[in-house]
**Student:** 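Can you read through this structure? Questions will come right after.
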There are 2 protein chains.
Amino acid sequence: MATLKYSRQRESIKNYLLHTEEHPTADTVYMHVREEFPNISLGTVYRNLNLLAETGDALKIPTPSGGDRFDGKTTPHYHFICTCCGKVMDLDMESIDHINEIAGKNFAGQIESHTTMFYGKCEDCILKS
Amino acid sequence: MATLKYSRQRESIKNYLLHTEEHPTADTVYMHVREEFPNISLGTVYRNLNLLAETGDALKIPTPSGGDRFDGKTTPHYHFICTCCGKVMDLDMESIDHINEIAGKNFAGQIESHTTMFYGKCEDCILKS
DNA sequence: CTCTCTGCAAATTATTTGCATGATA
DNA sequence: TATCATGCAAATAATTTGCAGAGAG
């Protein structure tokens with residue numbers, strides 16, 4: 001990949017991701033960064049989010065029913081997505097690296113444990129039902 | 001939901017899903033079902049795949065980088081997606097229902113264990129690298 | 001007969017890309 | 001001043017939807 005040059009827009013996006021817990025969509029990032037850069041385009045947001053994901057400065061989290069989410073917290077941790085309301089949450093739990101031994105009996109691939117995605121119902125949705 | 005009526009197209013789609021192991025995309029299903037119903041439309045395929053997923057006759061598996069996959073094997077099992085080649089595979093491993101106890105210390109939601117998605121490199125991609 | 005399902009085409013949604021101009025090193 | 005980044009608009013890709021007619025119950 002070509003050498004990265006500094007850009008104020010990218011810095012702002014990176015900074016926003018570091019200070020939010022909501023795992024925003026590209027569009028949400030766009031809305032926020034536009035407060036500082038009113039002329040920024042959605043294309044630029046996408047380009048930078050992908051760059052940050054490549055350099056490891058952000059995580060790109062695919063979700064069912066469209067719209068990737070982004071996370072500025074890059075230390076290994078697990079994610080949970082509520083299939084009811086779509087909310088993406090961090091799971092603060094111990095590593096499940098041993099999953100490779102469990103799966104390994106019939107599987108010769110290598111699971112990258114901390115990219116595992118969990119689905120279910122979040123607390124709010126359980127209470128509402 | 002409204003009462004379902006029989007349709008030969010839906011039956012054919014369901015049947016194809018039951019006899020393939022490849023976790024096809026909607027488009028792949030379309031290609032195959034078109035051999036029996038040359039005039040079937042992609043819209044109909046999508047509508048029926050979604051109906052089958054709702055009635056529990058098929059699983060809809062979201063993937064990173066676009067394109068849901070479908071699975072006619074509806075008994076609980078885990079899935080693995082190769083982040084290198086995109087291949088979707090069944091993982092024949094014991095249940096990890098206890099994940100709820102591990103995650104539960106800091107999490108009041110409910111993980112539906114068998115919908116957990118694992119990512120990593122498949123055997124083929126490991127050998128090639 | 002009534003309501004569901006189909007084929008077709010147009011509409012949506014999320015994301016990417018080409019290009020001329022602007023910013024960084 | 002060479003190269004990367006931006007803004008804008010057009011292009012893709014995956015999926016959904018409106019509608020008029022065909023098929024199932």
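In what follows, chains are A, B, ... by sequence order, proteins preceding strands, each numbered from 1.
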**Student:** Any Lys/Arg nitrogen of K105(A) or E94(B) sitting under 4.0 Å from an Asp/Glu carboxylate oxygen of the other?
**Tutor:**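 Judged by the 4.0 Å cut-off on N to carboxylate O distance, K105(A) and E94(B) do form a salt bridge.
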
**Student:** Under 4.0 Å between a side-chain N or O of N50(B) and OP1 or OP2 of dT16(D)?
**Tutor:**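 Yes, N50(B) has a side-chain N/O under 4.0 Å of OP1/OP2 on dT16(D).
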
**Student:** Does T55(B) reach the main-chain N or O of L51(B) with its side chain, forming a donor-acceptor pair under 3.5 Å?
**Tutor:**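 It does hold such a pair.
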
**Student:** Map Y6(B) and G43(B) onto DNA chain D by nearest heavy atom, then report which one ends up closer to the 5' terminus.
**Tutor:**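 Here G43(B) is the residue nearer the 5' end.
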
**Student:** Taking OP1 and OP2 of dG7(C), is either one under 4.0 Å from a side-chain nitrogen or oxygen of Q9(B)?
**Tutor:**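 The answer is yes; a side-chain N or O of Q9(B) sits under 4.0 Å from OP1 or OP2.
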
**Student:** Suppose we call a contact any N or O donor and acceptor under 3.5 Å apart; does that hold for the side chain of R8(A) and the base of dG22(C)?
**Tutor:**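 In this structure, the two groups form no donor-acceptor pair.
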
**Student:** Taking for each residue the nucleotide of DNA chain C with the nearest heavy atom, is it V45(B) or K5(B) whose nucleotide lies nearer the 5' end?
**Tutor:**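 Closest to the 5' end, via its nearest nucleotide, is K5(B).
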
**Student:** So, does S41(B) get its side chain near the phosphate of dC8(C), meaning an N or O under 4.0 Å from OP1 or OP2?
**Tutor:**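 Negative; the distance criterion is not met.
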
**Student:** When the ring centroid of F80(B) is compared with that of Y119(B), is the distance short of 6.0 Å?
**Tutor:**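 No, too far apart.
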
**Student:** Assess the side chains of D97(B) and H114(B): does a donor N or O sit below 3.5 Å from an acceptor N or O?
**Tutor:**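 Per modelled atom types, D97(B) and H114(B) side chains form no pair under 3.5 Å.
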
**Student:** Using a heavy-atom distance cut-off of less than 4.0 Å, which residues of residues 11-37 of chain A contact DNA chain C?
**Tutor:**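 Contacting residues: none.
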
**Student:** Side-chain N or O of N39(B) versus OP1/OP2 of dT6(C): is the shortest distance under 4.0 Å?
**Tutor:**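 Looking at the OP1 and OP2 atoms of dT6(C), neither is under 4.0 Å from any side-chain N or O of N39(B).
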
**Student:** Indicate yes or no: at least one non-hydrogen side-chain atom of F107(A) is less than 4.5 angstrom from one of M89(B).
**Tutor:**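 Touching, per the 4.5 Å side-chain cut-off.
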
**Student:** What does the inter-axis angle of the helix from dC1(C)-dG25(D) to dA25(C)-dT1(D) come out as, five pairs per end, nearest 10 degrees?
**Tutor:**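 Comparing the axis at each end, I get an angle of 30°.
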
**Student:** Any donor-acceptor pair under 3.5 Å linking the side-chain atoms of S113(A) with those of Y78(A)?
**Tutor:**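 The answer is yes; a qualifying pair exists.
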
**Student:** Assign R10(A) to base, sugar-phosphate, or nothing according to its heavy-atom contacts below 4.0 angstrom with the strands shown.
**Tutor:**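 Result for R10(A) = sugar-phosphate.
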
**Student:** Applying the side chain to side chain contact (heavy atoms under 4.5 Å, CB included) test to D71(A), which of L17(A), V88(A), T20(A), D90(A) qualifies?
**Tutor:**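 So, applying the side chain to side chain contact (heavy atoms under 4.5 Å, CB included) to D71(A) and each of L17(A), V88(A), T20(A), D90(A), only D90(A) qualifies.
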
**Student:** Tell me whether V33(A) shares a hydrophobic cluster with Y30(A), the cluster being built from Ile, Leu, Val, Met, Phe, Trp, Tyr side chains joined at under 4.5 Å.
**Tutor:**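 Linked, V33(A) and Y30(A) end up in one cluster.
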
**Student:** Any ion pair linking E54(B) and K60(B) (charged N to carboxylate O, less than 4.0 Å)?
**Tutor:**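 So K60(B) does not pair with E54(B) through a salt bridge.
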
**Student:** Which nucleotide sits closest to the side chain of R47(A): dT15(D), dG7(C), dT6(D)?
**Tutor:**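 When the side chain of R47(A) is considered, dT6(D) is the closest of dT15(D), dG7(C), dT6(D).
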
**Student:** Both S7(B) and R69(B) contact DNA chain D. Taking the nearest nucleotide for each, which residue is further toward the 5' end?
**Tutor:**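 The residue whose closest nucleotide sits nearer the 5' end is R69(B).
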
